[in-house]
Amino acid sequence: MEWADELAARVIGPQVVNDSKTPSGTVHVGSLRGPVILDVITRALRAAGHETTLLYGVDDLDAMDAQALLTPDAIERSMGVPLAHIPDQVADGHASYARHHAQVFIDLFADLGVKPDRYYWMSDIYPTGAMDPFIRTALDRAHVVRDLYRRVSNVQHQDTWHPVLVICGTCGRVGTTIVTKWDGERVFYECRENLVTWARGCGASGWVSPFGGAAKLPWNLEWAAQWSLFGVTIEPCGKDLATAGGSRDRSDAIAREVFEREPPINVPYEFLNVGGKKMSTSKGRGTAAHRIVEVLPPEPLRTLMLRTRPNTAIDFDPEGTDAVPRLFDEFDRLGSAVAGREVKGELPAGFASIFKYALRDPGADFEAEAAAFRPSFSHLAFLIQVPGADVPALMATEKGSALTPHETAILDERLAAARVWLDDYAPERARMRVQEAMPDAAAALDAEQRAFLATLAEDDAARTGDEWQAAIFATAASGGLPAGRAFAALYAAFLGRTSGPRAGWLLASLDRAFVVARLREAAAGGTLPV
RNA sequence: GGGCCCGUAGCUCAGCGGCAGAGCAGGGGACUUUUAAUCCUCGUGUCGUGGGUUCGAAUCCCACCGGGCCCUCCA
């Protein structure tokens with residue numbers, strides 16, 4: 001966790017932290033690592049006394065180059081068109097495909113506690129003319145850009161190539177155009193049919209002014225121009241961009257040599273993989289960002305992103321594992337330690353800052369948050385499967401006093417998450433189910449346990465959970481059977497496992513005739529002489 | 001062709017020059033009413049492999065092996 005505080009200690013003066021994203025489709029959990037890192041850096045800077053602005057941009061004039069999320073009839077029409085100009089594929093009121101996907105992603109930010117001071121959309125910025133000076137500089141220095149691409153990335157453009165992408169006046173595509181001449185005010189562009197394999201240009205060409213939104217800068221130049229336009233001082237980026245000779249190196253060089261400005265401090269970060277593999281929404285691997293928040297509230301989710309240094313890959317697989325409960329446990333453990341309660345084992349270095357930065361609200365009183373009662377997620381996941389359990393009452397008992405409104409909110413949040421977890425993620429062993437037929441496990445019961453079950457079945461009067469519980473203990477005691485083995489017999493007979501929920505409540509929730517029949521069946525099974 | 005990350009206990013990982021660690025899982029034990037709670041207890045693992053540096057290496061250097069990702073189209 002020291003990484004953010006160290007960064008904050010290293011810089012001088014006001015800071016502008018920036019990131020931007022191309023809204024090309026549905027995003028997965030891994031995509032949230034960037035925004036969380038951005039937010040933690042911002043919080044660390046502010047904690048260190050730096051005046052800090054957090055910006056988040058949407059590169060929505062980028063060309064559509066993935067057809068996965070387009071309807072079949074839209075593919076031919078939309079490939080190569082700026083994302084901001086493609087109609088939303090979902091009829092839910094967004095102005096464009098870009099707005100839809102960007103908004104779904106951005107909506108998650110606030111819930112996660114990531115609150116940029118300003119969002120900007122490139123489709124809004126270009127028409128204002130704010131990018132014009134950079135477009136002009138890029139065109140004037142086209143030879144520098146070409147030289148730099150060759151030198152830094154070994155990319156060889158033709159001598160006539162100019163670093164501007166015109167939005168074709170005829171077909172509206174931006175991914176298919178190339179500029180070959182610049183006269184100081186206008187550029188000559190061609191919308192070529194075969195410039196790229198993934199989209200087909202219309203063949204138009206002509207002289208046009210590249211200013212005021214008629215054209216955009218290619219990605220690497222746009223990135224560097226954003227740094228100049230907004231005065232960006234720190235910008236993390238994913239390792240896909242940070243690789244040697246890759247995008248970041250190109251943009252750094254462009255900033256220095258074309259726009260004559262030092263690039264921002266880079267904080268390269270690794271990906272968040274699932275089962276050791278890259279997440280890919282289109283391949284159905286990994287969980288969509290908007291889905292994971294259903295099962296992971298901000299604190300455990302931020303804990304996942306924060307506890308690991310940015311340059312280390314995180315492996316996270318919520319499906320069929322206890323990864324989710326463990327994140328809750330880990331966060332709770334940090335909180336306990338911060339609150340001065342005794343915790344088992346060693347604590348990570350800087351555990352208090354991990355806890356503090358994991359909180360959703362940057363202004364929260366973190367000591368009060370640490371002191372708050374947080375029910376164990378695993379315990380809740382278990383309790384909600386117990387018929388008739390009054391969970392809020394049980395939690396108040398566990399805490400030793402009534403829950404505060406804030407604690408009740410935490411409880412409700414966790415209950416909702418626990419239900420989602422049990423439905424969609426939990427391993428089979430976390431789910432319990434009353435067995436329709438006699439479980440095999442019941443065959444292993446010994447004579448004493450069978451006698452206990454038989455005795456328990458003698459009285460078939462209706463009982464409440466408490467009464468069942470009392471009856472279990474009394475019956476076990478009268479037969480000289482330790483309570484533990486008595487319960488084990490019941491779990492074997494009904495659940496087919498060695499442990500379970502408070503048995504009394506479980507039995508009380510079931511049909512009385514069924515209970516008695518099962519008890520007798522289990523008591524009789526296997527004891528007959530062979 | 002190039003770059004980055006990882007390889008330490010069953011799992012997830014910490015340690016990054018000074019006696020191999022934690023959590024979880026698992027084993028054992030305690031408990032006549034929180035029985036998947038709570039408490040106690042149990043870890044010799046070629047620290048991926050081979051060299052090197054050092055009084056001393058999981059830790060630094062080199063090479064290699066394995067896993068993963070990325071760049072060399074576009075963004």
Side-chain angles (χ1 to χ4, degrees), chain A residues 20-22 24 30 59 61-66 80 83 152-156 165 174-176 195-199 216-223 238-251 268-279 304 307-317 321-323 325-327 329-330 333 343-349 376 378-379 381-383 385-386 389 394-395 397-398 427 429-430 432 465-466 468-478 481-488 490-491 495 497-505:
Chain A
S20 63
K21 177 157 180 61
T22 303
S24 48
D59 299 325
L61 275 188
D62 292 354
M64 167 63 91
D65 63 359
L83 294 162
V152 178
S153 308
N154 203 24
V155 173
Q156 179 74 61
L165 303 171
V174 71
T176 53
L195 184 69
V196 293
T197 56
W198 43 272
K216 75 183 290 287
L217 291 168
W219 162 243
N220 288 120
L221 287 101
E222 186 171 287
W223 200 3
K239 70 102 157 281
D240 53 335
L241 306 173
T243 191
S247 233
R248 182 62 179 238
D249 278 358
R250 274 200 300 274
S251 289
Y269 57 88
E270 263 281 355
F271 287 167
L272 194 154
N273 301 318
V274 57
K277 303 232 182 210
K278 184 191 178 186
M279 291 197 185
L304 169 69
R307 62 176 176 177
T308 309
R309 293 186 306 276
N311 68 343
T312 302
I314 297 175
D315 199 5
F316 176 66
D317 187 1
T321 70
D322 58 357
R326 269 156 54 175
L327 277 176
D329 291 345
E330 184 163 347
R333 185 163 170 270
V343 297
K344 286 199 288 183
E346 295 171 0
L347 290 161
S376 153
S378 312
H379 196 196
F382 157 68
L383 287 175
Q385 300 180 81
V386 179
L394 288 170
M395 289 305 109
T397 305
E398 192 172 302
R429 67 186 134 81
M432 56 182 195
D466 279 333
W468 266 114
Q469 198 76 0
I472 292 165
F473 278 103
T475 305
S478 71
L481 188 67
R485 288 178 53 216
F487 280 99
L490 290 170
Y491 298 134
L495 303 176
R497 47 205 306 169
T498 56
S499 58
R502 295 183 69 193
W505 295 80

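Chain naming here is simple, since letters A, B, ... match the order of the sequence lines and numbering starts at 1 in each.
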How many Å lie between [atom1] on [X] and [atom2] on [N], as a whole number?
X	N	atom1	atom2	answer
A:Asp249	B:U72	CG	P	12 Å
A:Phe487	B:A37	CZ	C1'	12 Å
A:Leu481	B:U32	CG	P	13 Å
A:Phe271	B:G3	CZ	P	18 Å
A:Arg485	B:A30	CZ	P	12 Å
A:Phe473	B:U35	CZ	C1'	7 Å
A:Glu330	B:G23	CD	P	12 Å
A:Leu394	B:U38	CG	C1'	15 Å

Mapping A:Tyr491 and A:Ala470 onto RNA chain B by nearest heavy atom, which one lands closer to the 5' end?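 The residue closer to the strand's 5' end, by nearest nucleotide, is A:Ala470.
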Rounded distance in Å between the [atom1] positions of [N] and [M]:
N	M	atom1	value
B:G48	B:A30	C1'	42 Å
B:C13	B:G45	C1'	15 Å
B:G21	B:U44	P	9 Å

Are A:Asp65 and A:Val196 close enough that some pair of their side-chain heavy atoms sits under 4.5 Å apart?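 Result no, sub-4.5 Å side-chain heavy-atom pair not found.
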Decide yes or no for A:Lys216 and A:Asp62: does some side-chain heavy atom of the first lie under 4.5 Å from some side-chain heavy atom of the second? yes
What pairs with A:Trp468 under ring-ring contact (aromatic ring centres under 6.0 Å, His included), at least two apart in sequence or on another chain?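 So A:Trp468 forms no ring-ring contact (aromatic ring centres under 6.0 Å, His included) with any residue.
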Residues that A:Phe382 engages under ring-ring contact (aromatic ring centres under 6.0 Å, His included), provided they are two or more places apart: none
Contact string for nucleotides 4-13 of chain B, one letter per nucleotide 5' to 3', B = base within protein heavy-atom range under 4.0 Å, S = sugar-phosphate only, - = neither, reads BSS----BSS
Sequence-distant partners of [X], side chain to side chain donor-acceptor pair (under 3.5 Å), two or more places apart:
X	answer
A:Ser20	A:Asp59
A:Ser251	A:Asn220
A:Gln469	none
A:Ser378	none

Can you give me the dot-bracket string for RNA chain B, 5' to 3', counting Watson-Crick and G-U wobble pairs with both distances under 3.5 Å, using [ ] for crossing pairs and | for partners on another strand? ((((((((.[[[[.)..(..]]]].(((((.......))))).....[[[[[..)....]]]]])))))))....
Can you list the residues that meet the side-chain contact (heavy atoms from CB on, under 4.5 Å) rule with A:Ala474, with sequence neighbours excluded?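 With sequence neighbours excluded, A:Ala474 shows a side-chain contact (heavy atoms from CB on, under 4.5 Å) to no residue whatsoever.
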Contacts of A:Lys239 meeting salt bridge (Lys or Arg N to Asp or Glu O under 4.0 Å) (sequence neighbours excluded), chain-then-number -> A:Glu270
Among all residues two or more places apart in sequence or in another chain, which pass the salt bridge (Lys or Arg N to Asp or Glu O under 4.0 Å) test with A:Asp322?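 Salt bridge (Lys or Arg N to Asp or Glu O under 4.0 Å) check on A:Asp322 returns A:Arg326.
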Protein-nucleotides 73-75 of chain B N/O pairs closer than 3.5 Å?
from, atom 1, to, atom 2, distance (Å)
B:C74, O2, A:Asp65, OD2, 3.4
B:A75, O3', A:Asp62, OD1, 3.3
B:A75, O3', A:Asp62, OD2, 3.0
B:A75, O2', A:Thr22, OG1, 3.3
B:A75, O2', A:Asp62, OD2, 3.0

Between A:Thr321 and A:Ala323, is there a donor-acceptor pair closer than 3.5 Å when you use the side chain of the first and the backbone of the second?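 Indeed, once roles are kept as given, a pair shorter than 3.5 Å links the two residues.
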